[in-house]
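The structure appears below as structure tokens.
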2 protein chains.
Amino acid sequence: MDEIPTRSRTRIQQEKRELILEAALDVFSTKGFRGSTVDQIAEAAGMSKPNLLYYFRSKDDIHTTLLQRLLDMWLAPLRELDDVGDPITELRGYIRRKIEMARDYPRESRLFANEMLQGAPHMMPFLQGEMKALVEEKVVVIRGWIESGKIAPVDPHHLIFAIWATTQHYADFDVQVRAVLGADRSGENRFEDAARFLENLFVRGLATHNK
Amino acid sequence: MDEIPTRSRTRIQQEKRELILEAALDVFSTKGFRGSTVDQIAEAAGMSKPNLLYYFRSKDDIHTTLLQRLLDMWLAPLRELDDVGDPITELRGYIRRKIEMARDYPRESRLFANEMLQGAPHMMPFLQGEMKALVEEKVVVIRGWIESGKIAPVDPHHLIFAIWATTQHYADFDVQVRAVLGADRSGENRFEDAARFLENLFVRGLATHNK
DNA sequence: CTAACGATTGTCCAATCGGTCAAAATTTGC
DNA sequence: GCAAATTTTGACCGATTGGACAATCGTTAG
């Protein structure tokens, strides 16, 4: 077969492809693309290498498919940042959504981080296109909040970077966070603590009124 | 030869080893360990592969040496965080030192990030040992500042994480930052803007007094 | 039952990569 | 200037890896 239209895929094909992508996400996110072997992915998916290559034309095909899927979900939290609500509430919600993503989808975060570290060879068009456009849109919103005196005057771009950095840190640098917090403090409540700290930090850092 | 004591190395050996480490840092930091080949490093260092392997026993040896050197410089900025000065000034200085490191040593930052993404297979002892110890020491300092009412009551661990995340972000996610800022705003002043924003954010976020 | 189609695997191959080695080229010590 | 030591290289090797392929197994429709 050459290229199966998604429409005409067997139920088994759909399921197996899902299974493979799931396994590949595990492997790619921690070992990187070049550090992963098709055999490792196949074993993680519980099938033989030739069988895996029956569902995906190549290792690269799997990787590309994963990145493609990542695009959609990656911008979702920022998309929800809305002009209508109270700025502080909106930003607080954005931080919370991002922290939840770091907690619930750490592998996707690491996959993205790997791609960025390598200079975004596959995602550059996405960064310069869809992502930049969305950021620009939200920058306008934030700038509006500043001009109406609802939040402190800060650089909107760097505000967004700071939220990205602090939240994704808990997925990408999970080992470091765990190691530094120690065995006892490394329970799953570290995301709760992080959320509390970050909301606090940003709310205080952006407030225009005194407490 | 088996293992040359550092003491008895020729001048040429010292220089060539430096040259190789410099080239390897370039390659490893963007392509990761598995994604890099000895040939690439050798070419970047302007020598043949066997010649490179005359100065380092193995690819792994180069990598380990780079990570080893990284340890020293990585904790330096935090070490300087001192108990004596004004808390806000101290923290502001720490942020500035970290941003300068991201600007001046982005390859080292990415090398570290790669190691973390893969679960710190080589640096785990360092994380749990030296790094955790230093953090714990500084946590005590920060806690002291909080108890004496000099900064707002926040979780010291997560404060440190936030400073790490926001500053290193400009090295590790440089491509993304550039892409989102656009060609015009991506001049080298982005580090200045970032520093200004971050100092502002943290100072406001930690202040106990009203402005 | 059986023919057709989809799924699975064992085997193999070419390319890449880390590393070796002996020989050649160069530098150094005297 | 020359011998010893150091540096550099071309050729080579074994192991790994991505992928191809033909053969086999399983399933399903008639």
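A, B, ... follow the sequence lines: proteins, then strands. Residue 1 opens every chain.
- Atom CG in B/Asp61 sits roughly 13 Å away from atom C1' in C/dG18 (whole-Å rounding).
- If you measure from atom CG of A/Leu52 to atom P of C/dG6, you get 19 Å, rounded to the nearest angstrom.
- For DNA chain C, the residues of residues 32-41 of chain A within the heavy-atom distance limit of 4.0 Å (strictly under) are A/Arg34, sorted by number.
- For B/Glu100, the salt bridge (charged side-chain N to carboxylate O under 4.0 Å, His left out) test picks out no residue, with sequence neighbours left out.
- As a whole-Å value, the separation of A/His63 NE2 from D/dG18 P is 13 Å.
- Protein atom CD1 of B/Ile20 is 15 Å distant from nucleotide atom C1' of C/dG19, rounded to whole Å.
- C/dG6 atom C1' lies 11 Å from atom CG of A/Asn51, rounded to whole Å.
- Residue A/Ser36 comes nearest to A/Lys59 through the heavy atom pair O-NZ, 2.7 Å, listed as atom of the first residue, atom of the second, then distance.
- In this model, a side-chain donor or acceptor of B/Lys49 finds a partner on the base of C/dG18 within 3.5 Å.
- Close to D/dT6, at under 4.0 Å from its OP1 or OP2, lies no side-chain N or O of B/Gln13.
- In this structure, a donor-acceptor pair under 3.5 Å is absent between the side chains of A/Asn200 and A/Arg196.
- If you take NZ of B/Lys16 and C1' of C/dT26, they are 11 Å apart, rounded to a whole angstrom.
- When each of C/dT9, D/dT8, C/dG18 is scored by its nearest atom to the side-chain atoms of B/Tyr54, the top-ranked nucleotide is D/dT8.
- By the 4.5 Å heavy-atom criterion applied to side chains, B/Phe161 and A/Tyr170 are counted as neighbours.
- Among D/dC21, C/dG19, C/dT8, the nucleotide with an atom closest to any side-chain atom of A/Pro50 is D/dC21.
- Following rounding to the nearest Å, A/Leu53 (CG) and C/dG10 (C1') show an atom-to-atom distance of 14 Å.
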Next item on the list: Take A/Glu199 and A/Arg97 through the salt bridge (Lys or Arg N to Asp or Glu O under 4.0 Å) test and state the conclusion after the steps.
Entry: CA-CA 11 Å; A/Glu199 289 177 24; A/Arg97 287 193 294 278; over 6 Å; no
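- Look at CD1 on B/Ile62: it is 14 Å from C1' on C/dC17, rounded to the nearest Å.
- With hydrogens and angles ignored, the 3.5 Å screen pairs no side-chain donor or acceptor of A/Lys31 with any backbone N or O of B/Gln118.
- Taking the side chain to side chain contact (heavy atoms under 4.5 Å, CB included) definition, one finds that A/Arg34 meets it with nothing, sequence neighbours left out.
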